[in-house]
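Per chain, numbering begins at 1; letters A, B, ... match sequence-line order. Values below: all heavy atoms of this structure, side chains included; hydrogens, waters and symmetry mates excluded. Predicted, not measured: the structure shown is a model, and the values here were computed from it.
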There are 2 protein chains.
Amino acid sequence: MTTARKTRAHRQAVTVTDIAKGCGVSRATVSLVLRGSPLVHVDTRARVEAELKRQRYVYNRAAANLRRQTSSSIALVINDLSNPFFAEFAAGVDEALGSAGYVTLLGSTGESPERQQAVLGSLVEHAPAGMILSPAERSDGPALRRLVGAGVPVLVFNRELSGADWDFLALDNQRGARLATEHLLSLGHRHIAFFGGHAESSSCQQRRLGYAEGMRAAGLEPDPAWLVECSPTRAEAAGRTAELFERAPGATAAVCYNDNVALGLMLGLGARGVRPGADFALTGFDDITEAALSTPSLTTLAVQPRECGRHAAQLLLERVHEPDAPVKRVVAPVRLVVRGSSGAPAA
Amino acid sequence: MTTARKTRAHRQAVTVTDIAKGCGVSRATVSLVLRGSPLVHVDTRARVEAELKRQRYVYNRAAANLRRQTSSSIALVINDLSNPFFAEFAAGVDEALGSAGYVTLLGSTGESPERQQAVLGSLVEHAPAGMILSPAERSDGPALRRLVGAGVPVLVFNRELSGADWDFLALDNQRGARLATEHLLSLGHRHIAFFGGHAESSSCQQRRLGYAEGMRAAGLEPDPAWLVECSPTRAEAAGRTAELFERAPGATAAVCYNDNVALGLMLGLGARGVRPGADFALTGFDDITEAALSTPSLTTLAVQPRECGRHAAQLLLERVHEPDAPVKRVVAPVRLVVRGSSGAPAA
DNA sequence: CTGAAAGCGCTTACAG
DNA sequence: CTGAAAGCGCTTACAG
């Protein structure tokens, strides 16, 4: 139990008792009217409804939930709303939950596992019907499992969490990278490198897999030397451009780990007098805002975070209604956005 | 009462009764331990705490709130999380509420007054201790007042809401525009126009006021013809560039209503062969992402939405704890960010 | 079709 | 310092 300042809720709330007294019926009848039961006589219903309106009755969902052993809230835990990807995701989640009659309890962790523990602890006390969790980096899966307990279904989003057998929704990294690779191939490229990302990260592994898949489907065996690691930042990618060409001489195109890497590579290319989009083709991943604004604009994979959010909400609600269904692992679709950075190979 | 699908909360929650039985004390004693009362003997406390841990007890805050007539949630209603300004604002609100021990109930309206009514109706049923509301455009103030009632304190953010005497937090439009004007004056400009916005909107009025103030403080009487209206979109602003120069011949600079207007004006200037930043100086408002990325980059007013959010949360909590304090109208600070678009006047 | 009674999980006077 | 009892606002068998 965390310490919390609390506050008088309503000055003097109107209750079912007030309504019952006000129109000479029992509280049970008022309750039946509130819940739309067909057992109530039409006239009685009308009288009660008039009285509800007259006294400006506000339903107390917490009390009802307590009595019925139900919940009408879902917790949404993300790292940071100031990341547009997660903000859109949250918007999608809230939209879908709202139309299903649930309210969203928000929690943010700022990528801190400690804050995440605290936030989850506090949210769980509000007895949500379920939880959508995009784990902070370096999360302790079993600890979260213990904290949340078996009563609350959880959907994990975006980042794999070991030690907890929860449903999992992630971007289709593999398919995305394959789409990018196939796009470059279709333009006539044969010498395609994969640039950026850390080989240990699961998303990098999946994207590399998609790249290799695309190459092989075109009858090309990807050269392991053409997988060039680098941190997913613009500066790092720009700095590693020389290395890319050392390891992949003759490459005419690169599938980049993400947009930041691609934008950095563009800078690096420019510094070498290579014109991105004309002399060298490249693709990103994420479709961040700058992707459409760079020169040339960046061909990339749009991840549609809002749709992801809706999807996540839907998956969680399914789990909520069917707690004993087998654990699900779902992949969210990704869409190729073709822009200027991916041109045909120079003649 | 809106229809809502609901769900079993916990399979079989551990309650104070279970704990009481488990270590041979009364439920009252368990409750006292939970709430950290000094009335409980140290040994008893230790026994109870061990039992709480052993049975993995989870506090049921809803039940406690019901009994104590308190609330530990605050509703946050905004138009759209996919607007980075509001996403940052929400992040700030959630951060501040979280550290005060409240949980954030999220609601989004998508700028639709109808959805806003529905969302508020649903949120109110969860008995929040208060509400932070950034109203949808064309909101019906009195209707919202009626819906929310007197029991729930509300802080209105960003957009004035008539017909409801609620606390109000807004950006310091006036000071921001004055800062921009003074900046241009300090560079040597004397012929400064005000471009964009609708004269009816309260934010435009305030920004114009700040502009006039700045001009007068420098001994310059602003010419009403130099206030040129236009919708705050890029296309519209670009299209009205000619009109600006017809009405304000000899202007060497413009304070623009916001960043979109300024970016549009840049386009319009370019089309006339006028180089923004070199031949003509201009400023925006908002510091949207593109402001830093345009060529030249845009001098503008950063509105620090995250700080606004924290501030909003704090103001609301003050009201929650002191319901009868006089209504507050507060202005959030704004910071001038000097970039390339504001150069000295051409010689 | 309507009412009296019990109970969801908690807290809080009130006795002892 | 601890326990028995009542009650927050609601719902739901159970009678009638």
Side-chain angles (χ1 to χ4, degrees), chain A residues 1 4 6-48 51-52 55 57-72 124-127 129 151, chain B residues 1 4 6-48 51-52 55 57-72 124-127 129 151:
Chain A
M1 170 182 178
K6 296 179 180 178
T7 305
R8 303 208 73 69
H10 294 282
R11 286 151 205 259
Q12 52 234 6
V14 175
T15 74
V16 285
T17 309
D18 299 313
I19 304 301
K21 274 189 194 138
C23 54
V25 299
S26 76
R27 294 151 64 212
T29 304
V30 176
S31 178
L32 291 173
V33 170
L34 284 173
R35 314 206 62 245
S37 161
L39 297 178
V40 184
H41 191 280
V42 203
D43 299 348
T44 316
R45 167 181 303 285
R47 261 169 52 223
V48 171
E51 190 66 16
L52 288 168
Q55 296 202 36
Y57 172 79
V58 175
Y59 188 64
N60 185 330
R61 205 166 277 282
N65 282 334
L66 178 59
R67 177 59 235 259
R68 302 183 65 202
Q69 296 287 81
T70 58
S71 168
S72 53
V124 160
E125 296 183 352
H126 287 88
Chain B
M1 170 181 178
K6 295 181 183 176
T7 304
R8 302 210 73 70
H10 292 282
R11 288 155 202 255
Q12 52 233 7
V14 174
T15 74
V16 285
T17 308
D18 300 312
I19 303 301
K21 275 189 194 138
C23 55
V25 299
S26 76
R27 294 152 63 211
T29 303
V30 177
S31 177
L32 292 173
V33 170
L34 285 173
R35 314 207 62 245
S37 161
L39 295 179
V40 185
H41 190 281
V42 203
D43 299 347
T44 316
R45 166 181 304 284
R47 260 169 52 223
V48 171
E51 190 65 17
L52 288 168
Q55 297 202 35
Y57 173 78
V58 175
Y59 189 64
N60 185 330
R61 206 166 277 281
N65 281 333
L66 178 60
R67 176 59 234 261
R68 303 183 64 202
Q69 297 285 84
T70 58
S71 169
S72 52
V124 160
E125 295 182 352
H126 287 88

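One interatomic measurement links the two molecules: CZ of A:Arg47 to C1' of C:dC1, which rounds to 12 Å at whole-angstrom precision. Atom C1' of nucleotide C:dC8 and atom CZ of A:Arg67 are separated by 6 Å, given to the nearest angstrom. Residue B:Asn65 contributes atom CG, which lies 16 Å from atom P of C:dG9 at whole-angstrom precision. With rounding to whole Å, B:Leu34 atom CG is found 9 Å from C:dC10 atom C1'. Atom CG in B:Leu66 sits roughly 17 Å away from atom P in C:dG7 (whole-Å rounding). A:His126 places its NE2 atom 14 Å from the P atom of C:dC10, with the value rounded to the nearest Å. Atom NZ in A:Lys21 sits roughly 13 Å away from atom P in D:dC10 (whole-Å rounding).
If B:Val25 and A:Tyr57 are placed on DNA chain D by their nearest nucleotide, the residue sitting closer to the 5' end is B:Val25. Each of B:Ala63 and B:Val42 has a nearest nucleotide on DNA chain D; the 5'-most of these lies closest to B:Val42. In this structure, B:Leu32 and B:Ala62 both approach DNA chain C, and ranking their closest nucleotides by distance from the 5' end singles out B:Ala62.
No side-chain heavy atom of B:Val30 sits under 4.5 Å from any side-chain heavy atom of B:Val33. Side-chain contact between A:Val14 and A:Leu52: absent, with no pair of heavy atoms (C-beta onward) separated by less than 4.5 Å. Within the 4.5 Å cutoff, side-chain heavy atoms of B:Leu34 are placed close to those of B:Tyr57. Looking at heavy atoms from C-beta onward, A:Gln55 lies in side-chain contact with A:Ile19 at the 4.5 angstrom threshold. Residues A:Ser72 and B:His126 meet the side-chain proximity criterion, which asks for heavy atoms closer than 4.5 Å. Here the side chains of B:Thr44 and B:Val25 are in contact, with some heavy-atom distance below 4.5 Å. Put simply, the side chain of B:Glu51 does not reach to within 4.5 Å of the side chain of B:Asp18, judged on heavy atoms.
Going from atom CZ of B:Arg45 over to atom OG of B:Ser37 covers 7.0 Å, rounded to the nearest 0.5 Å.
Stem analysis of DNA chain C (Watson-Crick or G-U pairs, both distances under 3.5 Å, runs of at least three) returns C:1-3 with D:14-16, C:5-12 with D:5-12, C:14-16 with D:1-3.
Using a 4.0 Å cut-off, some side-chain N or O of B:Ser26 falls inside it from OP1 or OP2 of D:dG3. Between A:Gln69 and D:dT11 there is no side-chain polar atom (N or O) within less than 4.0 angstrom of OP1 or OP2. Residue A:Arg35 places none of its side-chain N or O atoms closer than 4.0 Å to OP1 or OP2 of D:dC10.
Proximity note for B:Ser31 (side chain, C-beta onward) versus D:dT12, C:dT11, D:dG9: the nearest is C:dT11. Of all nucleotides listed (C:dT12, C:dT2, C:dG9), C:dT2 comes nearest to the side chain of A:Val40. Closest to the side chain of A:His41, from the set C:dT2, C:dC8, D:dG3, is C:dT2. Distance from the side chain of B:Arg27 is smallest to C:dT11 among D:dT11, C:dT11, C:dG3. Considering only the side chain of B:Leu39, D:dT2 comes nearest among D:dT11, C:dC10, D:dT2. Which of D:dC10, C:dT12, D:dT12 sits closest to the side chain of A:Ala28 comes down to D:dT12. In the set C:dG3, C:dT12, D:dT12, D:dT12 carries the atom at the smallest distance from any side-chain atom of A:Arg68. Ranking C:dT11, D:dA4, C:dC1 by closeness to the A:Thr44 side chain, first place goes to C:dC1.
Note on A:Thr17: nothing from the nucleic acid sits closer than 4.0 angstrom, heavy atoms only. Residue B:Thr29 is classed as a sugar-phosphate contact, given heavy-atom separations below 4.0 Å to backbone atoms only.
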